[in-house]
K.L.:
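Here it is, the structure, as C-alpha cells.
Chain identifiers are assigned alphabetically (A, B, ...) following the order of the sequence lines, protein sequences preceding nucleic acid strands; residue numbering begins at 1 within each chain.
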There are 2 protein chains.
Amino acid sequence: MPQTVARAIEVLRFIAERPRTLTEVTQMLGLHKSTALRLLQTLEADGFARREDGGRYVVGFGVIPLAESAIDNLDVRTIVHPHLDRLSTEIGHTVHLAQLIDGEVVYVDKVEGRGTVAMGSRIGLPVELHTAAVAKVILAHLPEADRSRMIEGWDFRGYGPRTLTNAADYVSELRCTRERGWAEDDGEMEDYINCVALPVRDTTGRVTIGMSVTALRAVAPLEILREMVPRLRTVTEEVSADLGWRSDET
Amino acid sequence: MPQTVARAIEVLRFIAERPRTLTEVTQMLGLHKSTALRLLQTLEADGFARREDGGRYVVGFGVIPLAESAIDNLDVRTIVHPHLDRLSTEIGHTVHLAQLIDGEVVYVDKVEGRGTVAMGSRIGLPVELHTAAVAKVILAHLPEADRSRMIEGWDFRGYGPRTLTNAADYVSELRCTRERGWAEDDGEMEDYINCVALPVRDTTGRVTIGMSVTALRAVAPLEILREMVPRLRTVTEEVSADLGWRSDET
DNA sequence: CTCTTCGTTGCAGGTATTGCAACGCTCTTG
DNA sequence: CAAGAGCGTTGCAATACCTGCAACGAAGAG
C-alpha cells in the first residue's frame, strides 16, 4: 500500500503541530532532504502545505474544505451504532450513547438490552447532569471552565436517597470519576436502576461523548456492572479510534 | 515530484464532494481498480478517508486537526502582503486589502504608493460600504441574504455629488459590479480620490476579500485605473490561489 | 441457477521515487 | 576578507515501489 502517501500524511501531521523547517522534517521523520523536499513541494502545489516567511512549512488551506466535508459526514450515530449493537447483544443490557452538544449532554443513541427496562432516556433528550453516569463521565473530563459553567445554576434535584443534591459533592464525585476512568450511577435517579459509563474521545482528543451500560439492580447490581468495565473500555477505545482519535502519537 | 501523493489528494478532493464508491473513483479519475483501492486503503488507515455503510468512501476525521492547524496560521496579511508590496511598487499607487469579518468589511492591509495620498483608511477600521470599491466588490459577490442584511439599516450618507445615497442605486451598482468583475469608486467619498477593486476568493470559493488600487484623480483618473484592471486581475488570481482557491476543478 | 457487477488479492514488469552527490546561497567564524 | 558550516535545491542513476493485469469471491439481478 502506497507508503509514499503514508509518508506524506506523516509529514502533514508533523507540520501541523507547528511550523517546521525542511531540515526538521528530514531529521524527525528520517527522510532524505530531497525526498522530504519533494513531498512538501507536491503538498504545496495542491494547497495542503504552505511556506510561511522564514521558509517554514505549515498546513495549507486546501485541507479546510476537506475538513468541512468530514464534519458534514460526522454523524456520530452512524459510526458508533454498530458498536452499541454488538456490545448490547454481547452483554445483554441496555447501552446508551450521550454527547455534549453546545453546553448540554444529550442522548444520541441507545440500544435496548434483552430484558427491556423502561428508562426515562430518549434519543435527543438532555441528560440529568448530576445523576446519569454518561453525564458524569463527560463532565469529569471537561476543562474546568466549561464544567463550572455547566454546573452553576444546575438544579440538583433530589430523586432518592443516593442522589447528589449539591455541587460540592458532585464535583468531588467527578474528581473520583476522572481518576478511576469511569463513572457510576448508583440508583441516583431511579432507585432500582444503575449504570457505569466510560469516556469516548473524538478526533481532537476531547471527551465529548460518553457510553454507558444500564441495568436493573435486580438483574445486575453495580458490582456486576463494574466487572464489565474492562470489556466496555475496549469498546470505547475502538469507538474513539473510529472517530479519528489516535492515542498513538510519536 | 511524487505523483502518488498528487493522486491521493485528487482522490480526497473527489470523495469530499460526496460519498463515492470505489468504482466511481476509478472511473472519474481514470485509475485502475487496484490502484484506487490501495490509495483509499492507505488514506483510510491514516484516518483521511472512511467507509460509511454501503461501502462508499468519505473524508475521514483525521483531516480535522490539520484544518484547525491551517486556520490557526491563516493570517491573511502574511500571505497577501508580499503581493501588495509588489503590486504597489510596480504601479506606484496605494493598494488596499479589505476583508469581510462578521458582517463588516474591514481594512486588513495597505501599502502606500509613491506619492502618498493621505486617505481615511486605516488597518482594522471598517470600510464605508456604499463608497469604497473594496466594499462594493465584496458585497457584489455575496449571497443575496447576507448582502441585504448588511445593506438594510446602512446609512447612505452623502459625501459628495457622486455618492450613492440610497439602497436602490447601490444595489444596481452592485449588479453592474458583479457583471463586469470589478468595482469602482468615482470620487464618491473624497471628491479627488478614485479607485478600482477586484475580488479575491478564499479556499471555499467565497469572495470575502477585496483588493483595490487607489489614486488621486489628478494623478490617475478612473480611465487610467481601469487600464490596470487586467494586471490587477492576475494579482488577485495569484492571491486567491495562495489562499487555497482552485479555479481549476474537474 | 446463471450472469453481471463490484471489491479484493498475488504477482511480475517497469515506472516513478529514492538517495546520492554536487551546487548556490546565506550566515557565521577565524 | 576568506574559509567554513548549514540549509535548500537540482540532475542523475539504481532499484524499491507502485502499477496494471488477471483471477477469485461475494452479492445482487434477471
Side-chain angles (χ1 to χ4, degrees), chain A residues 1-60 62 73 78-79 81-82 85-86 242 250, chain B residues 1-60 73 78-79 82 85-86 238 241-242 250:
Chain A
M1 322 123 205
Q3 46 124 284
T4 311
V5 177
R7 285 191 186 175
I9 291 177
E10 214 178 346
V11 170
L12 267 179
R13 289 228 164 81
F14 186 62
I15 65 175
E17 294 172 17
R18 54 192 172 85
R20 304 286 191 177
T21 168
L22 173 64
T23 317
E24 283 177 312
V25 174
T26 60
Q27 288 175 353
M28 292 299 291
L29 305 185
L31 300 175
H32 265 253
K33 287 186 292 187
S34 41
T35 308
L37 176 68
R38 287 188 269 242
L39 276 179
L40 284 164
Q41 278 176 159
T42 42
L43 289 174
E44 192 180 0
D46 283 298
F48 273 45
R50 184 167 61 81
R51 311 194 68 167
E52 58 172 23
D53 34 37
R56 283 201 294 273
Y57 287 93
V58 294
V59 179
N73 295 320
T78 60
I79 300 162
H81 193 85
D85 249 351
R86 239 181 311 117
D242 280 6
T250 51
Chain B
M1 324 124 204
Q3 46 123 282
T4 311
V5 177
R7 284 190 187 175
I9 292 176
E10 214 178 347
V11 169
L12 266 179
R13 288 229 164 81
F14 186 62
I15 64 175
E17 294 172 16
R18 55 192 171 83
R20 304 288 193 176
T21 169
L22 173 64
T23 315
E24 283 176 313
V25 174
T26 60
Q27 289 175 352
M28 292 299 291
L29 306 185
L31 300 175
H32 264 253
K33 286 187 293 185
S34 41
T35 307
L37 175 68
R38 286 188 267 244
L39 276 179
L40 284 165
Q41 278 176 156
T42 42
L43 290 173
E44 193 180 359
D46 283 297
F48 273 46
R50 183 167 62 81
R51 312 193 67 166
E52 59 171 24
D53 33 38
R56 283 201 294 272
Y57 286 92
V58 294
V59 180
N73 296 319
T78 61
I79 300 164
D85 248 352
R86 240 182 311 117
E238 281 172 33
D242 279 7
T250 52

K.L.:
Closest heavy-atom contact between A/Leu43 and A/Ala8?
P.N.:
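Between these two residues, the closest heavy atoms are CD1-O, 4.1 Å.
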K.L.:
Below the 4.0 Å mark, does D/dT9 have OP1 or OP2 next to a side-chain nitrogen or oxygen of A/Gln41?
P.N.:
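No, because none of the side-chain N or O atoms of A/Gln41 sits under 4.0 Å from OP1 or OP2 of D/dT9.
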K.L.:
To the nearest Å, give me how far apart OH (B/Tyr57) and C1' (C/dG7) are.
P.N.:
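That distance rounds to 8 Å.
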K.L.:
Just the rounded figure in Å: distance from C1' of C/dT5 to NZ of B/Lys33.
P.N.:
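Atom NZ in B/Lys33 sits about 9 Å away from atom C1' in C/dT5.
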K.L.:
Which pair of non-hydrogen atoms, one from B/Arg50 and one from A/Ile79, has the smallest distance, and what is that distance?
P.N.:
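Looking at all heavy atoms of both residues, the closest pair is NH1-CG1, 3.5 Å.
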K.L.:
Starting from the C-alpha separation in whole Å, work towards a yes-or-no answer on side chain to side chain contact (heavy atoms under 4.5 Å, CB included) for B/Arg7 and B/Thr35.
P.N.:
CA-CA 10 Å; B/Arg7 284 190 187 175; B/Thr35 307; 4.2 Å; yes
K.L.:
Whole angstrom is fine here: how far is it from CG in B/Leu29 over to P in D/dT19?
P.N.:
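Rounding to the nearest Å, CG of B/Leu29 and P of D/dT19 are 13 Å apart.
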K.L.:
For a quick test of reading the model, state the closest non-hydrogen atom pair linking A/Ala49 to A/Ile15 and the distance between them.
P.N.:
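Heavy atoms only, the tightest pair is CB-CD1, 4.0 Å.
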K.L.:
Closest heavy-atom contact between B/Arg13 and A/Asp46?
P.N.:
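Looks like NH2-O, 2.7 Å.
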K.L.:
When you measure from the side-chain N and O atoms of A/Gln3 to the phosphate of D/dA16, is any distance below 4.0 Å, counting only OP1 and OP2?
P.N.:
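Answer is no, no contact under 4.0 Å.
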K.L.:
Atom CD of A/Gln27 and atom C1' of D/dG8: how far apart are they, to the nearest Å?
P.N.:
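It is 13 Å, rounded to the nearest whole Å.
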K.L.:
Please state whether the phosphate of C/dT9, meaning OP1 or OP2, lies under 4.0 angstrom from any side-chain nitrogen or oxygen of B/Arg38.
P.N.:
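No, B/Arg38 has no side-chain N/O under 4.0 Å of OP1/OP2 on C/dT9.
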K.L.:
With a non-hydrogen cut-off below 4.0 angstrom, is B/Thr23 in contact with a base, only sugar-phosphate, or nothing?
P.N.:
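Sugar-phosphate contact only.
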K.L.:
B/Thr21 side chain: which of D/dG8, C/dC6, C/dT8 is closest?
P.N.:
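The nucleotide sitting nearest to the side chain is C/dC6.
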K.L.:
Quickly work out the B/Leu39 CG to C/dT8 P distance and round it to whole Å.
P.N.:
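These atoms are roughly 14 Å apart.
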K.L.:
Specify the separation, in whole Å, of atom CG of B/Leu40 and atom P of C/dC6.
P.N.:
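Checked: the CG to P distance equals 16 Å.
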K.L.:
May I ask you to verify if any side-chain N or O of B/Thr4 is less than 4.0 angstrom from the OP1 or OP2 atom of C/dA16?
P.N.:
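No.
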K.L.:
Between C/dC6 and B/Arg56, is there an OP1 or OP2 to side-chain N/O distance shorter than 4.0 Å?
P.N.:
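It does not, given that no N or O in the side chain of B/Arg56 lies less than 4.0 Å from OP1 or OP2 of C/dC6.
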K.L.:
Taking atom P of C/dG10 as reference, at what distance in whole Å does atom CG of B/Leu37 sit?
P.N.:
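Spelled out: CG on B/Leu37 to P on C/dG10 is 12 Å.
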K.L.:
What is the separation between atom CG on B/Leu43 and atom P on D/dC18, rounded to the nearest whole Å?
P.N.:
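For the pair B/Leu43 CG and D/dC18 P, the rounded distance is 13 Å.
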K.L.:
How do A/Ser34 and A/Val5 order along DNA chain D: which one's closest nucleotide is nearer the 5' end?
P.N.:
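This one resolves to A/Ser34.
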